[in-house]
Visitor: 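Sending over a structure as structure tokens; questions will come in a sec.
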Amino acid sequence: MEQFRKCPGVNEIIVACGCLLGGIQTAHAEPVVPQLGTCPTIKNDAQRLACYDKLSGTIPLPPSPEQAKTAALPAAAPVPPAPAAPAAELANNSLLSREWELDDKDKHGTFLFRPYHASYFLPIKYNNSPNNAPFRGNLLQSSEKLDSLETKLQLSVKTKVVEGLFNKNADLWVGYTVSSYWQAYNHGVSAPFRETDYEPEAMLVFRTNYNVFGLTGRFINLGVEHESNGRSVALSRSWNRIYAQFGFERGDFSLLIRPWYRIPESAASDNNPDIQDYLGRGDVVATYNNGGNTYSLLVRNNLKRSPNRGAVRVDWSFPLYGRLKGYVQYFNGYGESLIDYNYKQQSLGIGVSLADWM
């Protein structure tokens with residue numbers, strides 16, 4: 001009542017009630033309810049929401065039983081990484097399978113022409129020691145000689161002619177390679193093609209799957225090959241051979257091992273009887289692909305201690321622009337071409353690749 005008497009204008013009931021309510025609040029020290037305009041100024045999201053709840057008188061509801069169960073569940077375990085691809089799937093990425101259509105998914109049927117050996121054009125090819133001797137009295141007069149600088153063109157294709165032999169484990173292929181050496185800058189002798197070699201062959205390719213020294217044996221190729229320069233008399237060079245080629249790979253690396261046997265000819269028709277002593281009795285080709293680059297090493301040898309002869313060739317194909325690739329070739333030894341089978345020389349050529357291989 002003392003609070004009531006302190007209010008002026010007791011006779012005014014509305015004012016008295018207001019004073020009475022104000023006095024009760026003071027007596028119980030109730031917290032002051034925030035004003036609506038203060039809530040938007042609060043930066044913390046949780047505190048700002050609590051401000052609005054307090055103004056509206058809203059009390060947060062307890063979680064439902066389903067929500068409580070969900071909150072009580074442990075955090076989901078991380079998803080384990082996908083298992084490694086099985087060996088069968090990895091085999092589908094085989095480089096040799098794509099080249100020779102070994103696996104079922106790589107089969108493309110018959111009579112589809114595909115790259116075989118490298119195809120390229122070298123507009124600049126330097127030879128440290130041109131072989132003039134065979135051309136004396138034929139292509140060259142006594143005072144003329146071959147240029148060290150020339151060009152080289154090689155084209156090589158293959159196609160499958162029969163598929164699914166021997167219980168679908170073998171295919172019959174045929175291939176054709178032509179290599180031309182052109183004295184394009186030798187205008188003194190009318191810039192002739194000094195040599196063109198033709199190389200048709202047939203190959204029966206058996207697919208295999210075995211491991212040796214960390215490599216996977218992918219195929220065995222049984223082939224027969226004829227190689228000649230199509231000339232007569234003194235400039236004629238030719239031979240026939242049968243071979244077995246073994247193809248191995250590991251990832252982007254492949255290894256081809258090919259021993260051969262020359263088919264004998266009669267002495268009357270054999271114009272290069274000692275060709276195996278120079279071109280050897282087999283070759284090994286190692287190829288590695290990396291980032292659009294293809295590196296290849298070929299080694300030939302006659303497998304004799306004395307005189308030991310053979311050759312080494314290094315090829316490098318690399319990206320230039322779009323699908324166009326550059327090409328570099330280095331050769332050292334005997335038999336870069338058939339006319340030079342018994343002549344040792346070195347050469348370096350630069351140009352462009354005309355088709356991807358291996």
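Along the sequence shown, the residues carry numbers beginning at 1.
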Visitor: Quick one: do K107 and E101 make a salt bridge, cutoff under 4.0 Å?
Guide: no

Visitor: Look at the side-chain heavy atoms of Ile, Leu, Val, Met, Phe, Trp and Tyr, link any pair under 4.5 Å apart, and say whether F193 and L153 land in one connected group.
Guide: no

Visitor: Within a 6.0 Å radius of atom OH on Y210, are there more than 12 heavy atoms belonging to other residues, nucleotides or ligands?
Guide: yes

Visitor: Strictly by modelled atom types, are N127 and S148 linked by a side-chain donor-acceptor pair under 3.5 Å?
Guide: no

Visitor: How far apart are the C-alpha atoms of Y334 and N302, what are their side-chain angles, what is the distance that settles it, and do they pass the side chain to side chain contact (heavy atoms under 4.5 Å, CB included) test?
Guide: CA-CA 11 Å; Y334 293 89; N302 63 3; over 6 Å; no

Visitor: When rounded to the nearest 0.5 angstrom, what distance separates CD in E150 from CG in L122?
Guide: 10.0 Å

Visitor: Would you confirm whether E201, through its side chain, and G223, through its main-chain N or O, come within 3.5 Å as a donor-acceptor pair?
Guide: no

Visitor: Should D147 and R194 be marked as a side chain to side chain contact (heavy atoms under 4.5 Å, CB included) after you check the CA-CA gap, both sets of side-chain angles, and the distance that decides it?
Guide: CA-CA 11 Å; D147 278 354; R194 69 171 181 88; over 6 Å; no

Visitor: Testing the basics here: between A286 and F253, what is the closest heavy-atom pair and its distance to 0.1 Å?
Guide: CB-CE1, 4.0 Å

Visitor: What class does the angle between the rings of F248 and F246 fall in, given that below 30° is parallel, 30 to 60° is tilted and above 60° is perpendicular?
Guide: parallel

Visitor: Could you tell me whether the side chains of Y120 and K152 share a donor-acceptor contact shorter than 3.5 Å?
Guide: yes

Visitor: Which pairs, with at least one residue in residues 263-274 and sequence neighbours excluded, count as a side-chain hydrogen bond (donor to acceptor under 3.5 Å, both in side chains)?
Guide: S236-N271, R262-E265, R262-D270, S266-S269, D274-Y341

Visitor: Looking only at heavy atoms, what is the nearest atom pair of H226 and S228, with distance?
Guide: NE2-OG, 3.2 Å

Visitor: Testing the basics here: between A244 and L222, what is the closest heavy-atom pair and its distance to 0.1 Å?
Guide: CB-CD2, 3.9 Å

Visitor: In this structure, are over 12 heavy atoms from other groups packed under 6.0 Å from K145 atom NZ?
Guide: no

Visitor: Is there a donor-acceptor pair closer than 3.5 Å between any side-chain N or O of S97 and the backbone N or O of D103?
Guide: yes

Visitor: Of the non-hydrogen atoms in K325 and P319, which two are nearest, and what is the gap between them?
Guide: CG-CA, 4.1 Å

Visitor: For the pair L348 and V328, evaluate side chain to side chain contact (heavy atoms under 4.5 Å, CB included) and give the outcome as yes or no after the intermediate values.
Guide: CA-CA 7 Å; L348 177 65; V328 176; 4.1 Å; yes

Visitor: Assess, by modelled atom type and distance only, whether the side chains of Y116 and E99 contain a donor and an acceptor separated by less than 3.5 Å.
Guide: no

Visitor: Give a yes or no answer on whether the side chain of K160 reaches the backbone of F111 with a donor-acceptor pair at less than 3.5 Å.
Guide: no

Visitor: Might you point out which heavy atoms bring P123 and T151 nearest each other, and give the distance in Å?
Guide: O-CG2, 3.1 Å

Visitor: Within the distance-only criterion (no hydrogens, no angle test), does the side chain of R300 pair as donor or acceptor with the backbone N or O of G335 below 3.5 angstrom?
Guide: yes

Visitor: Could you pull out all residues at least two apart from Q276 that satisfy side-chain hydrogen bond (donor to acceptor under 3.5 Å, both in side chains)?
Guide: none

Visitor: Checking side chain to side chain donor-acceptor pair (under 3.5 Å) for the pair Y330/Q346: CA distance, chi angles, key distance, verdict?
Guide: CA-CA 8 Å; Y330 170 76; Q346 294 186 66; 2.6 Å; yes

Visitor: Are the side chain of S296 and the backbone of T287 linked by a donor-acceptor contact shorter than 3.5 Å?
Guide: no

Visitor: Are D283 and R258 close enough for a salt bridge, meaning some N to O gap below 4.0 Å?
Guide: yes

Visitor: For the backbone of L146 and the side chain of N132, can you confirm whether one donor and one acceptor N or O come within less than 3.5 Å of each other?
Guide: yes

Visitor: Would you find a donor on one side and an acceptor on the other, under 3.5 Å apart, between the side chain of W260 and the backbone of G280?
Guide: yes

Visitor: Identify the two heavy atoms, one from L256 and one from G247, that lie closest to each other, and give their separation to 0.1 Å.
Guide: CD2-CA, 3.7 Å

Visitor: Do the ring planes of F166 and F206 sit parallel (below 30°), tilted (30 to 60°) or perpendicular (above 60°)?
Guide: tilted

Visitor: Does atom CZ of R136 have more than 12 heavy-atom neighbours, drawn from other residues, nucleotides or ligands, at distances under 6.0 Å?
Guide: yes

Visitor: Mark yes or no for whether W182, through its side chain, and A191, through its backbone, hold a donor-acceptor pair below 3.5 Å.
Guide: yes

Visitor: Looking at L338, I275, N240, T177, which hits side chain to side chain contact (heavy atoms under 4.5 Å, CB included) with E227?
Guide: L338

Visitor: Between S156 (side chain) and H117 (backbone), is there a donor-acceptor pair under 3.5 Å?
Guide: yes

Visitor: Linking I/L/V/M/F/W/Y whenever any side-chain heavy atoms sit under 4.5 Å apart, do Y198 and I339 land together?
Guide: no

Visitor: Can Q154 and S179 be counted as having a side-chain donor-acceptor contact under 3.5 angstrom?
Guide: yes

Visitor: Under 4.5 Å between side-chain heavy atoms, counting indirect links through other Ile/Leu/Val/Met/Phe/Trp/Tyr residues: same cluster for L255 and Y288 or not?
Guide: yes

Visitor: Quiz question: by atom type and distance under 3.5 Å, do the side chains of Y181 and E336 form a donor-acceptor pair?
Guide: no

Visitor: N229 side chain to E195 main-chain N or O, any donor-acceptor pair under 3.5 Å?
Guide: no

